[in-house]
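Just so we're on the same page: letters track the sequence lines, and every chain starts at 1.
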Amino acid sequence: MQERVKIPKFDVVGTRPVRPDGADKVTGRAKYGADHNVAGQLVGKVLRSPYPHARIKSIDTSAALALTGVKAVVTRDDFKDQSSEFVPAGEMLVNYRDVLRNVMAREKVLFEGHPVAAVAATSEAIARAALRAIKVEYEILPHVIDVVEAMKPDAPIVEDGMITVGVTPPPTKPSNVAKRVEFVLGDVEKGFKEADLVIEREFNTKPVHQGYIEPHACVGSVSEDGTAELWTTTQGHWIARAHCARLLGWDMTKLRVTSSEIGGGFGGKTVVYLEPLALALSAKTHRPVKMAMSREEVFKASGPTSGANVWVKMGVKKDGTITAGEAILKYQAGCFQGSPVQPGCMCAFAPYDLANVKVVGFDVLSNRPKVAAYRAPGGPISEYAVESVVDEIAEKLGMCPIELRLKNAAKEGTKAAYGPKFGPVGMVECLEAAKSSPHWNGPLGKNQGRGIAAGFWFNIGGETTVNLQLNEDGTLTLMAGTPDIGGLRASLAMMAAEELKIPYEKVRPIIGDTSTLGYNFVTGGSRSTFSSGLATVEAARSIIKQACGRAAKLWEIPEDAVTWDNGEIKPAGDNAGKFKPMKLSDIAKVAGKTGGSIVGVGAISAQGAAPSFGVHIADSEVDPDTGKLTITRYTVIQDAGIAIHPAYVEGQFQGGAAQGIGWALNEEYIYGADGKLQNAGFLDYRIPVASDLPMIETIIVEVPNPRHPYGVRGIGETAIVPPMAAINASAARATGVRMFELPLSPPKVLKAMKEAKKA
Amino acid sequence: MKHHVTTTINGDETEFLCDTEQTLLDCLRDELELTGTKEGCGSGDCGACSVLLDGRLVCSCLVLGVEVGGKKIDTIEGMATGDKLHPLQRKFLEHAALQCGICTPGVLVAAKSLLEKNPNPTETEVRYWLAGNLCRCTGYDKIIRAVMDAAAEMRGA
Ligand code: FES
Ligand code: FES
């Protein structure tokens, strides 16, 4: 059942047209990262560290360079070192010292898979031979993988000399804790005293990979005059340009970056891995260099998100009023600082209107790949822990988990622990929709349990540019710069059509490159439909204004005597009815004669992004013999603001839920004692397949965002937040035992059930 | 030394040269520029490289180029006829059954081979048949619906 709670009154917004890039994608015509070839291109390959932690004593590339067909090798010596400074990128801050070291190891290798050299050769086979011929001398160092281990005083230090930030007085001894953050509202001690019931629990989660099906791939081509082109699969080509230009010491204007069609990103393609290497190799050879990761490289050396240890304590009165919430989050950052622990802290209790909250977070290094953003980075982990405790509270109080949440739900005016007061938000509406949903009121079978959980994500705006050009025949070409991962072009064309009162098919949207369009921040933070939508509306309004000006010229009346009335340009006031109304297409025909081409630009820093709350209901069934959990029914309820293209909103809900189901049940990075990843492939890192899942029901709640002309909130990320807790709750009811660790894999579940039976 | 392979791709006789170790997927993509067939893993685990080999659904990353001499290969590029999309392609668009679309060619080729064998599959049959085609974006819901709907249309139901 697909259902919408509220129907908006627009002509185009809210309908379900076929996406403009659709035909190319069902026929194989669309060009993704690895689908682009340039005449004369070389094959680039990366030599990666076999060790999780080692000092690089020397790198000898002479034998590799001597091979016929090897055109260039780059190592740490080909990149100038960067100073340590933090600048914003995506939803996190980046430090170019670390970005550089992540792209190419310098003093040490810090995880298995860390790049130590890259080669360009005339064929794949020669490139591989060259990698084998490079001699690297390592001094192997002790490594640390687990986050709790990494925080111990005697743990091997990943980054020499790192002193924890955010602690007063600053520690004197280096550690793996990069940062401590704290968010406090009210007084938790007071809150716990008021409570009739206090529950305290500790949870563990494993790192999970974004799992995009398209591996990272790019082609870099540097001309003899130093200008360069980069084709890459990315969530942000302006960010890719900034990173590459910075690491290579180039002027930005010399580098033109084109984003290919992108085969999934989920946050993981907001960083650069291969791009600076391909460009550096091309700069040496002046031949185009194509690079692509294998799936093993994707697992070992890109993404994932943090694994974590989370402690939660909550106090509640008998009537269900939550009096205090406290949490300590320890997030793995991988080998460089910058885990999403801060957003994790901010999200932890965000679904609730609480007087007393304290959340402390630690950003912890270990010998793992540096984490990358993954859909609502940080939120799913902390909210899994908090929502699992909320569920246990409901059980202990004998209260319906929806009623308990309704009693404490965040609403308009609620002050979030992380600072702001919420505007209109849909948490209550989502809970009400859940309460009356067919799923919540449906039957359960044998060995089945039902769980529910809420989730929150901020959503962001940011720098965005859209160009809209009126063509001679009255059609429009729309150029946006936030890579379209799953229907953006459709939504933007819909908003332009709505605004300009023209048919959807008359607007052709494309994604521009870094040299043809103004700056665009990444597709991330659920911002692209929101921000590029705002910029589109602004560009469309500029077109209308210019068109009215042209009509004024033609009619020889003042500009303010011309109005735009539902798709028609009309003389107004004293002149009303004196001239025949014109359409945009009429103006387009005479644009040349009335002042030249009509182009609307929306160049904005989008403000007013609004959070999205969601509630998920999961039914799971346990096989008592094996401990295997199967999701038998699943419903996503989420506030979309207004759904521009409801089918793609549902798609985001369903996709987020499916990723969450994987996170809850199967997915995890498994390391051996040697610090090496043991499941770097889709066979052993098992993401949900079609036969694992039921249909995923959706209910789109629409509490419009007042700060967007079409009410958009941004919906891509919230959907991955509630699944782990909803499934955990359903598993507790199906098995009769509460579990505190992800994934809920069969051996763990079976063990927990056996232990519960013994007890 | 390269091998000379003669094969039929999407109905056209096609020749290419390949190294012994090159997979059919590499040959399609790198030698013939048929990049509609995608590589997601190179190890037979994702289905993005699905093609039909003499009518049988295979992962082209698990077949060597030298093996396909004299055989018939169908790829995504051959699925539409003239300006007419295959009903599956059309239904995928109508149902919004793709987000990023990287899995789509493989899913479509696999689904087409299912409907050739079983024009009236149950939801479970579709789910199990497509279990070798990973999609990270959609949660499969709309894919399954599109396949069922296309099957119904093709049956004339
Ligand atoms: S590329 Fe062949 S199965 Fe994944
Ligand atoms: S649509 Fe992206 S992997 Fe299927």
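- Arg132(A) meets the side-chain hydrogen bond (donor to acceptor under 3.5 Å, both in side chains) test with no other residue; sequence neighbours excluded.
- Side-chain atoms of Gln654(A) never come within 3.5 Å of backbone atoms of Tyr140(B) as a donor-acceptor pair (strictly under, hydrogens ignored).
- Between the side chain of Tyr32(A) and the backbone N or O of Cys100(B) there is at least one donor-acceptor pair closer than 3.5 Å.
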For this session: I would like to know whether Arg127(B) and Met695(A) meet side-chain contact (heavy atoms from CB on, under 4.5 Å); could you show each step before the answer?
Result: CA-CA 10 Å; Arg127(B) 286 189 179 276; Met695(A) 289 298 187; 3.4 Å; yes

For this session: Start with the C-alpha distance between Leu134(B) and Ile687(A), add both sets of side-chain angles, then the distance that settles side-chain contact (heavy atoms from CB on, under 4.5 Å), and finish with yes or no.
Result: CA-CA 8 Å; Leu134(B) 300 182; Ile687(A) 71 171; 3.9 Å; yes

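- Atom OG of Ser691(A) sits about 9.5 Å away from atom CG of Leu130(B), to the nearest 0.5 Å.
- For chain B, the nearby part of Ala125(A) is the side chain; its heavy atoms alone come within less than 4.5 Å.
- For the atom pair Lys290(A) NZ and Asp30(B) CG, the distance stands at 6.0 Å (nearest 0.5 Å).
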Exercise. Please walk me through it: do Thr104(B) and Lys25(A) pass side-chain contact (heavy atoms from CB on, under 4.5 Å)?
Worked result: CA-CA 7 Å; Thr104(B) 309; Lys25(A) 286 183 175 158; 5.5 Å; no

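- Within 6.0 Å of the CD atom in Glu123(B), the count of heavy atoms belonging to other residues, nucleotides or ligands exceeds 12.
- For Arg29(B), the side-chain hydrogen bond (donor to acceptor under 3.5 Å, both in side chains) partners are Asp35(A), not counting sequence neighbours.
- Among Pro688(A), Ala657(A), Ser294(A), the residue with the largest count of heavy-atom pairs under 4.5 Å with chain B is Pro688(A).
- When heavy atoms are compared at a cutoff of 4.5 Å, Arg29(A) does not approach chain B at all.
- Taking a 6.0 Å sphere around OH of Tyr128(B), one finds it holds 12 or fewer heavy atoms contributed by other residues, nucleotides or ligands.
- If you measure heavy-atom distances from Leu93(B) to chain A, the contacts under 4.5 Å come from both the backbone and the side chain.
- Proximity to chain A is limited to the side chain of Leu85(B), based on heavy atoms less than 4.5 angstrom apart.
- Side chain of Glu214(A) to backbone of Ile102(B): no donor-acceptor contact under 3.5 angstrom is found.
- Highest contact tally toward chain B, considering only Gly486(A), Ala30(A), Gly656(A), is held by Gly486(A) [criterion: heavy-atom pairs under 4.5 Å].
- With a 4.5 angstrom heavy-atom cutoff, Phe92(B) touches chain A only via side-chain atoms.
- One distance of note links SG of Cys137(B) with CD1 of Ile485(A); it measures 8.0 Å at 0.5 Å rounding.
- Salt-bridge formation is detected for the pair Arg136(B)/Glu667(A): a Lys NZ or Arg NE/NH1/NH2 atom is positioned less than 4.0 Å from an Asp or Glu carboxylate oxygen.
- For the side-chain hydrogen bond (donor to acceptor under 3.5 Å, both in side chains) test, no residue two or more places apart in sequence or in another chain qualifies with Gln210(A).
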Exercise. Does the pair Glu124(A) and Gln22(B) meet the rule for a side-chain contact (heavy atoms from CB on, under 4.5 Å), with working shown?
Worked result: CA-CA 10 Å; Glu124(A) 172 108 18; Gln22(B) 260 179 305; over 6 Å; no

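- The residue among Thr75(B), Thr35(B), Leu88(B) with the most heavy atom pairs within less than 4.5 Å of chain A is Thr35(B).
- If you measure heavy-atom distances from Tyr634(A) to chain B, you find no contacts under 4.5 Å at all.
- Of the listed residues Lys38(B), Glu77(B), Met79(B), the one with more heavy-atom pairs under 4.5 angstrom with chain A than any other is Lys38(B).
- Arg295(A) places no side-chain N or O within 3.5 Å of a backbone atom of Gly42(B) that could act as its donor or acceptor partner.
- Rounding to the nearest 0.5 angstrom, the gap separating the CG atom in Asp141(B) from the CZ atom in Phe653(A) is 13.0 Å.
- Heavy-atom neighbours of chain A within the stretch residues 3-17 of chain B, taken at a separation under 4.5 angstrom, are nonexistent.
- Proximity of Thr27(A) to Ile76(B): side-chain heavy atoms (C-beta onward) are nowhere separated by under 4.5 Å.
- For chain A, the nearby part of Thr138(B) is the backbone; its heavy atoms alone come within less than 4.5 Å.
- With chain B as the partner, the residue from Ala658(A), Gly265(A), Gly263(A) showing the most heavy-atom pairs under 4.5 Å is Gly263(A).
- For Glu21(B), the part sitting under 4.5 Å from any heavy atom of chain A is the side chain, from C-beta outward, and nothing else.
- With a 4.5 Å cut-off on non-hydrogen atoms, Pro17(A) does not touch chain B at all.
- Among Ile213(A), Ile262(A), Asp484(A), the residue making the largest number of heavy-atom pairs under 4.5 Å with chain B is Ile213(A).
- Counting all heavy atoms, side chain and backbone alike, Gly40(B) lies closest to Phe682(A) at O-CE1, 4.0 Å.
- Ion pairing of Glu94(B) with Arg16(A) is absent here, as no side-chain N (NZ or NE/NH1/NH2) approaches a carboxylate O to less than 4.0 Å.
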